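Naming convention: chains lettered A, B, ... in sequence-line order (proteins, then strands); numbering from 1 in each chain. Remember, predicted model here, so these are calculated numbers, not experimental data.
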Amino acid sequence: MKSIVAHLLENALATLPELADASADIAVASTVERTRDPSHGDFASNIAMRLAKPARMSPRDIAAKIIENLADSELVDEIAIAGPGFINFHLSAVALHRELLTVLDQGTRYGRQPARKAPRILLEFVSANPTGPLHVGHGRHAAYGATVGNLLEAAGYPVEREYYVNDAGRQMDILGVSVWLRWLEAQGVDISFPEAGYHGDYIRDIADSINTEACSVVDAERLVHGLPEDDKEAIIEALIKTAKDALGADGFDHIRQQALESIRADIEEDLAEFGVTFDRWYSEQSLTTSNRIDEALAVLEQRGMLYEEDGATWFRATDFGDEKDRVVVRENGNKTYFASDIAYHFDKRERGFDHLIDILGADHHGYVTRVQGGLAAMGYAAEDLEVELMQFVALYRGNQRMQMSTRSGEFDTLRQLRAEVGNDAARFFYVSRSNDQHLDFDLDVAKSESNDNPVYYIQYAHARIASVFRQLAERSLEWDTPSGSENLALLTEPQEKALMTTLSRYPEVIDLAANNRAPQHLVHYLRDLANDFHTYYNAHAFIVDDDKQRNARLLLIRATQIVIANGLAILGVSAPETM
RNA sequence: GCGCCCGUAGCUCAGUCGGAUAGAGCACCAGAUUCCUAAUCUGGGGGCCGCAGGUUCGAAUCCUGCCGGGCGCGCCA
């Protein structure tokens with residue numbers, strides 16, 4: 001709809017050579033926006049004000065000139081100059097009717113743009129460490145990432161979703177030793193579980209369920225022998241060494257990998273139940289086995305981006321705006337997590353993705369500059385990597401704030417949250433506010449007031465429409481679509497006009513939400529749309545005696561039902577036929 | 001100390017690229033159904049957009065400073 005107005009303006013400008021210079025670097029479509037006040041029409045353009053200074057004319061004079069040269073269109077009823085120089089466009093009923101028929105015609109495809117080939121987008125999100133179940137904070141990442149992926153797809157982008165599995169490094173050893181100790185405990189060995197181990201009950205479950213052929217029993221004495229005191233990190237380190245000695249490197253590896261896969265599979269299942277799926281689970285370990293890290297470091301070396309100091313290898317991050325240079329290979333020869341990360345992002349670009357989007361926790365913001373620096377140092381553009389930071393979720397039960405820590409075992413899991421409030425409400429609530437806002441999630445409120453949750457309000461609108469069509473059948477009537485199409489001119493009530501106008505905004509909302517990675521725009525839109533529908537429902541009957549009017553009204557609410565279903569599908573929320 | 005994010009109604013939050021009289025839900029007050037689902041609708045009260053400057057036709061929005069809150073500043077991951 002917006003493009004109708006933009007094209008009219010572009011054509012008018014083309015006939016005005018005196019404005020050509022001034023308007024050269026203005027995108028006409030960017031001057032056109034929906035009005036907030038219906039008395040200003042449907043769309044307004046501020047182009048006359050933007051041209052005033054370069055063209056050295058008054059805005060209202062420019063507006064008058066443009067209007068004079070606007071071609072007549074059956075899609076626009078009235079064009080007016082308003083205020084300091086806005087050009088207001090009132091769309092015709094014909095334009096709204098045409099859009100309604102487009103909704104019916106395109107159905108589930110309505111609001112989706114044609115698929116394009118580029119840029120190829122790689123969307124990475126969640127990527128929680130496979131050391132325990134997902135907690136409520138990860139749930140926000142999952143809901144947001146999945147919805148942004150759906151939005152990008154609807155906007156026509158080729159997008160793939162990827163989960164980076166942090167299955168390398170010390171945390172995996174801690175996981176392995178935690179499982180082993182719980183297994184020993186189950187064998188009757190008296191252990192003192194280390195503070196720095198993973199305390200959650202799921203560790204016991206894993207110890208019970210895995211193949212323990214590789215496990216060997218050691219006595220309690222050996223476990224505590226020579227343990228350092230007080231320093232919890234040194235204690236866990238010593239226990240890992242004991243485990244490797246007792247089990248052998250292969251034996252320990254066997255336990256560790258089983259634990260890892262058990263947790264990873266659990267996370268995958270949890271997310272799938274939440275309607276969140278990935279095209280690829282990318283293993284950090286595989287970066288080492290495929291020599292990807294060494295290749296990336298070689299590229300950096302070749303470009304002169306590395307140097308040796310204090311026995312370590314450093315990346316010149318300060319050349320790319322970071323506050324200090326960063327170690328990529330430690331003095332002990334081990335590569336850092338940062339080395340994996342730049343190799344991983346290098347790999348993403350090498351795999352042919354043009355634009356990389358990472359959804360990261362707000363605590364990772366210090367990391368963005370150096371990873372972008374890594375890309376730039378390897379010959380790509382820093383801007384190829386876009387990072388969307390998610391602010392934290394604080395979980396409450398009433399006034400009680402919950403602690404969320406995987407190691408302490410006191411977290412509240414995504415599973416618990418989903419069981420308590422349901423997938424639909426959780427998906428909806430998680431994306432209903434901007435990703436850069438903190439989210440207070442009160443379980444008591446979400447449970448006790450679940451009937452007041454906006455998601456039900458929107459779903460109810462969908463169910464009500466389904467109910468109307470069921471009623472129609474019960475009264476032995478049929479919806480005559482051609483008759484409805486021919487009689488759209490009968491839709492003259494203010495509630496009908498409002499509903500048609502809101503429906504016509506849908507493609508613009510998808511575009512806006514996708515481009516800004518901002519699902520909350522869609523959430524608010526669907527709320528508005530449901531509100532327009534409920535208002536209409538209360539004001540007028542749809543199943544009226546007059547055939548023409550009935551068929552026209554049924555067409556309008558069918559279009560409404562389609563748009564609600566399409567929008568909810570993008571949010572990952574169900575559109576029920578009954579409630 | 002330095003860096004990033006946030007500050008909008010009693011509460012939780014929207015507010016697009018700077019646009020016209022700043023919006024919604026909850027809560028509060030008053031109403032609506034012989035009729036398609038009352039999980040609904042209609043009306044009402046409620047604002048120094050943290051504070052102070054600046055930019056301009058125009059600022060909640062952009063810039064600077066300050067105040068308040070969150071997070072980050074490892075040869076951890």
Colleague: Using only modelled atom types and a 3.5 angstrom limit, is any donor from either the side chain of A:His365 or the base of B:C71 paired with an acceptor on the other?
Modeller: yes

Colleague: Whole angstroms only, please: what is the CD-P distance between A:Gln549 and B:C36?
Modeller: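 One finds 18 Å between P of B:C36 and CD of A:Gln549, rounded.
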
Colleague: Which nucleotide, B:A20, B:C41, B:A14, lies nearest any side-chain atom of A:Ser434?
Modeller: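 Output: B:A14.
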
Colleague: For a quick test of reading the model: is some side-chain N or O of A:Gln437 closer than 4.0 Å to OP1 or OP2 of B:A14?
Modeller: yes

Colleague: What's the OH-P distance between A:Tyr525 and B:A24, to the nearest Å?
Modeller: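 It works out to 18 Å between those atoms.
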
Colleague: Of all the nucleotides listed (B:C36, B:C17, B:A20), which has the minimum atom distance to the side chain of A:Ala44?
Modeller: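 Nearest nucleotide to the side chain: B:A20.
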
Colleague: Write down the distance between CZ (A:Arg370) and P (B:C76), rounded to a whole number of angstrom.
Modeller: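 So the two atoms are 12 Å apart, to the nearest Å.
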
Colleague: For A:Arg527 and B:A39, give me the distance from atom CZ to atom P, rounded to whole Å.
Modeller: 15 Å

Colleague: Any salt bridge between A:Asp61 and A:Lys65, counting N to O under 4.0 Å?
Modeller: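 No.
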
Colleague: Looking at every strand, decide which applies to A:Asp37 at a 4.0 Å heavy-atom threshold: base, sugar-phosphate, or nothing.
Modeller: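 Since a base atom lies under 4.0 Å of A:Asp37, the category is base.
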
Colleague: Below the 4.0 Å mark, does B:C35 have OP1 or OP2 next to a side-chain nitrogen or oxygen of A:Gln471?
Modeller: no

Colleague: Counting just side-chain N and O atoms, does A:Thr535 come under 4.0 Å of either OP1 or OP2 of B:U42?
Modeller: yes

Colleague: Would you mind reading off the distance between A:Asp436 atom CG and B:U16 atom P, rounded to a whole angstrom?
Modeller: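 Value for this atom pair: 12 Å.
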
Colleague: Which nucleotide sits closest to the side chain of A:Tyr537: B:C57, B:C36, B:C17?
Modeller: B:C36

Colleague: Would you mind telling me which of B:G19, B:U40, B:G15 lies closest to the side-chain atoms of A:His534?
Modeller: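 Closest nucleotide to the A:His534 side chain: B:U40.
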
Colleague: Once you round it to whole Å, what is the distance between P of B:C57 and CE of A:Met49?
Modeller: 11 Å

Colleague: What integer distance in Å separates A:Leu529:CG from B:A24:C1'?
Modeller: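 It works out to 15 Å between those atoms.
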
Colleague: Show me, pair by pair, the donor-acceptor contacts under 3.5 angstrom made by side chains of residues 468-478 of chain A, not counting sequence neighbours?
Modeller:
residue, atom, partner, partner atom, Å
A:Arg470, NH1, A:Glu577, O, 3.1
A:Arg470, NH2, A:Glu577, O, 3.4

Colleague: Is any side-chain N or O of A:His524 closer than 4.0 Å to OP1 or OP2 of B:G25?
Modeller: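 For B:G25, neither OP1 nor OP2 has a side-chain N or O of A:His524 closer than 4.0 Å.
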
Colleague: For the pair made of CZ in A:Phe542 and C1' in B:U40, what is the distance, rounded to whole Å?
Modeller: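 Result: 12 Å.
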
Colleague: A:Glu309 or A:Gln391: which one's nearest nucleotide on RNA chain B is closer to the 5' end?
Modeller: A:Gln391

Colleague: What side-chain hydrogen bond (donor to acceptor under 3.5 Å, both in side chains) pairs are there with at least one residue in residues 78-91 of chain A, not counting sequence neighbours?
Modeller: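 Matches after skipping sequence neighbours: none remain.
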
Colleague: At less than 4.0 Å, is any side-chain N or O atom of A:Asn531 found next to OP1 or OP2 of B:C41? Yes or no.
Modeller: yes

Colleague: So if I take every side-chain heavy atom of A:Arg433 and compare against B:A77, B:C13, B:G19, which nucleotide ends up nearest?
Modeller: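 The listed nucleotide nearest to A:Arg433's side chain is B:C13.
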
Colleague: Looking at B:C36, B:C17, B:U16, which one has an atom nearest to any side-chain atom of A:Leu512?
Modeller: B:U16

Colleague: Is the distance from OP1 or OP2 of B:A22 to the nearest side-chain N or O of A:Arg36 less than 4.0 Å?
Modeller: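 No.
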
Colleague: Distance criterion of 3.5 Å, no angle test: do you see the side chain of A:Asp363 paired donor-to-acceptor with the base of B:G72?
Modeller: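 Not at all, since no donor on one side and acceptor on the other fall under 3.5 Å apart.
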
Colleague: Do any side-chain nitrogens or oxygens of A:Arg330 fall under 4.0 Å of OP1 or OP2 in B:A77?
Modeller: yes

